[in-house]
Number of protein chains: 2
Amino acid sequence: MARAALTRQRVVEAAIGLADATGAEALSMRKLGESLGVEAMSLYNHVRNKEDLLDAMVDAVYAEIPLPDPAGGWRDELRPRYLATREVLLRHRWAIPLMESRAMPGAANLAHHEALLACLRANGFSLTQAAHAYSVLDGYVYGFVLTEKALPFDGDDVAEVAQAMLAQFPVDRFPNLAAMASEHVMQPGYDYGDEFGWGLDLILDGLERARRDAG
Amino acid sequence: MARAALTRQRVVEAAIGLADATGAEALSMRKLGESLGVEAMSLYNHVRNKEDLLDAMVDAVYAEIPLPDPAGGWRDELRPRYLATREVLLRHRWAIPLMESRAMPGAANLAHHEALLACLRANGFSLTQAAHAYSVLDGYVYGFVLTEKALPFDGDDVAEVAQAMLAQFPVDRFPNLAAMASEHVMQPGYDYGDEFGWGLDLILDGLERARRDAG
DNA sequence: ACCTGAACACCGTTCAAGT
DNA sequence: ACCTGAACACCGTTCAAGT
């Protein structure tokens with residue numbers, strides 16, 4: 001019994017699995033072929049080249065984010081959608097740096113922005129206001145997850161990393177960073193991810209205010 | 001006359017110039033050596049490896065961003081600083097995707113966050129409020145520039161790209177995107193970069209409100 | 001129509017050898 | 001102390017050859 005026939009979808013799914021497990025740097029056509037039980041060159045029957053594969057991977061990530069319902073209230077629709085966006089992006093940590101290099105948006109990306117705009121406009125946002133809203137919300141979620149990934153606040157090794165940093169950079173040169181680390185970040189129960197909801201609500205409040213003032 | 005002696009700083013500067021000109025993907029140790037009139041292997045006398053070089057490049061970008069003055073008003077200090085951050089990141093478009101993979105922050109990065117926290121705390125922000133402010137502002141600026149780079153709204157070819165997109169994805173399936181393109185984005189004088197200031201002011205307004213309500 | 005082996009033009013990095 | 005040439009283990013991608 002041979003393995004199931006290769007399809008574009010199977011190739012893309014395997015690539016996402018490999019990137020999730022080992023990071024985007026470790027994703028090579030040769031290793032991807034191996035994980036599918038096939039020579040690397042066979043993949044070229046299903047994707048044009050590696051760029052085409054990366055495009056498809058990014059669009060598959062967009063497809064995981066639930067669409068807002070234009071018939072719902074804009075804030076009730078958008079808030080959970082952006083919380084979900086953060087979770088999806090954390091699940092596929094390789095995706096954000098890839099997004100900047102994709103020239104042409106994929107189908108799932110377009111479907112998302114269409115639904116987002118439809119929801120805003122159905123709730124009284126003008127085109128100008130909708131452009132503002134889209135721009136600040138999308139910017140925030142991508143940047144937050146990027147920052148979140150880069151910060152050493154992740155997981156249980158906060159204390160060790162903080163210690164290493166403080167050892168390298170003396171406390172007296174960075175008193176505010178030291179205070180932030182010891183008196184805030186390292187306090188029990190602190191989770192940097194909680195900052196996401198705080199900033200999201202700040203932005204949604206601002207958008208609500210702008211919508212009211214103009215409408 | 002031989003070329004000036006190689007130093008770590010010269011290597012990092014040449015690498016930044018090469019990345020600015022040709023993108024991060026095109027930056028290889030071999031090409032970097034060539035641009036310095038030296039074999040690739042010589043570079044290893046000045047940087048530990050390519051990761052070390054990328055760390056130094058990212059920190060050099062941070063060093064280009066002006067520091068806020070803790071003695072100034074927080075909003076007067078932070079607003080121009082974040083406008084400048086956007087400009088620096090646009091000048092070095094390869095930097096943002098690199099930031100997520102840097103585990104250990106460099107000296108310029110630490111100096112920035114120290115000055116930022118000092119300015120906020122000198123202006124009455126608690127540690128908790130300062131963490132909120134840092135998180136939402138940094139997330140926003142990195143994400144905005146990432147989005148800005150990915151969007152095809154850049155330069156003079158807006159019309160062509162929009163046309164190509166509409167050709168590929170029929171207007172009747174994406175009526176709101178089509179309206180946004182033709183009635184807003186493609187209007188004379190529209191500049192997506194202007195959205196940055198709008199969102200920045202929205203966030204600063206929200207932070208001011210949070211500071212007042214708590215203080 | 002799909003898969004493969006060999007080949008090409010690249011990578012980052014090591015190491016012993018030069019000066 | 002710094003630079004180099006050869007070498008190693010990788011890349012993405014092509015192309016003619018197989019089935």
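Labels below follow one simple rule: chain letters A, B, ... track the order of the sequence lines, proteins then strands, and each chain is numbered from 1.
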*Between A:R48 and A:A26, name the one whose nearest nucleotide on DNA chain D is closer to the 5' end.*
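Taking each residue's closest nucleotide, the earlier one in sequence belongs to A:A26.
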
*Taking for each residue the nucleotide of DNA chain D bearing the nearest heavy atom, is the 5' side occupied by A:L27 or by B:A40?*
B:A40

Can you check the [X] [atom1] to [N] [atom2] distance for me, whole Å?
X     : N      : atom1 : atom2 : value
A:K50 : C:dC10 : NZ    : P     : 18 Å
A:E25 : D:dG12 : CD    : P     : 13 Å
A:H46 : C:dC3  : NE2   : C1'   : 10 Å
B:R10 : D:dC3  : CZ    : C1'   : 14 Å
A:D52 : D:dG12 : CG    : C1'   : 14 Å
A:L43 : D:dG12 : CG    : P     : 10 Å
B:M29 : D:dA9  : CE    : P     : 20 Å
B:L53 : C:dC11 : CG    : P     : 15 Å

*Would you tell me if any nitrogen or oxygen in the side chain of A:K31 comes within less than 4.0 Å of OP1 or OP2 on D:dC11?*
yes

*Should B:S42 be listed as having a side-chain N or O under 4.0 Å from OP1 or OP2 of D:dT4?*
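Checking D:dT4 against B:S42, a side-chain N or O does come within under 4.0 Å of OP1 or OP2.
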
Of the listed nucleotides [options], the one nearest the side chain of [X]:
X     : options               : answer
A:N45 : C:dT13, C:dC3, D:dT4  : C:dC3
B:E39 : C:dG12, D:dT4, C:dG5  : D:dT4
A:R30 : D:dT4, C:dC3, D:dG12  : D:dG12
A:S28 : D:dT4, C:dT13, D:dG12 : D:dG12
A:M41 : C:dC3, D:dT13, C:dT13 : D:dT13

_Donor + acceptor pair across side chains of A:Y190, A:E195 (<3.5 Å)_ =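 The criterion, which ignores hydrogens and geometry beyond distance, is satisfied for A:E195 and A:Y190.
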
*Using distance alone, with no hydrogens and no angle criterion, decide if B:H46 and B:Q9 have a side-chain donor and acceptor under 3.5 Å apart.*
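Per modelled atom types, B:H46 and B:Q9 side chains form no pair under 3.5 Å.
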
*What does D:dG5 pair with, Watson-Crick or G-U, if both distances are under 3.5 Å?*
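Pair assignment: D:dG5 / C:dC15.
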
*C:dC10 pairs with which nucleotide, Watson-Crick or G-U wobble, both distances below 3.5 Å?*
none

*Taking NZ, NE, NH1 and NH2 as the nitrogens, is one of them in A:E64 or A:R91 under 4.0 Å from a carboxylate oxygen of the other?*
yes

*side chain to side chain donor-acceptor pair (under 3.5 Å): which pairs involve residues 176-189 of chain B, sequence neighbours left out?*
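Sorted result for residues 176-189 of chain B: A:E114-B:N176.
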
*Pick one: which of B:Y82, B:F196, B:Y134 meets ring pair (Phe, Tyr, Trp, His ring centres under 6.0 Å) with B:Y140?*
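The passing option is B:F196.
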
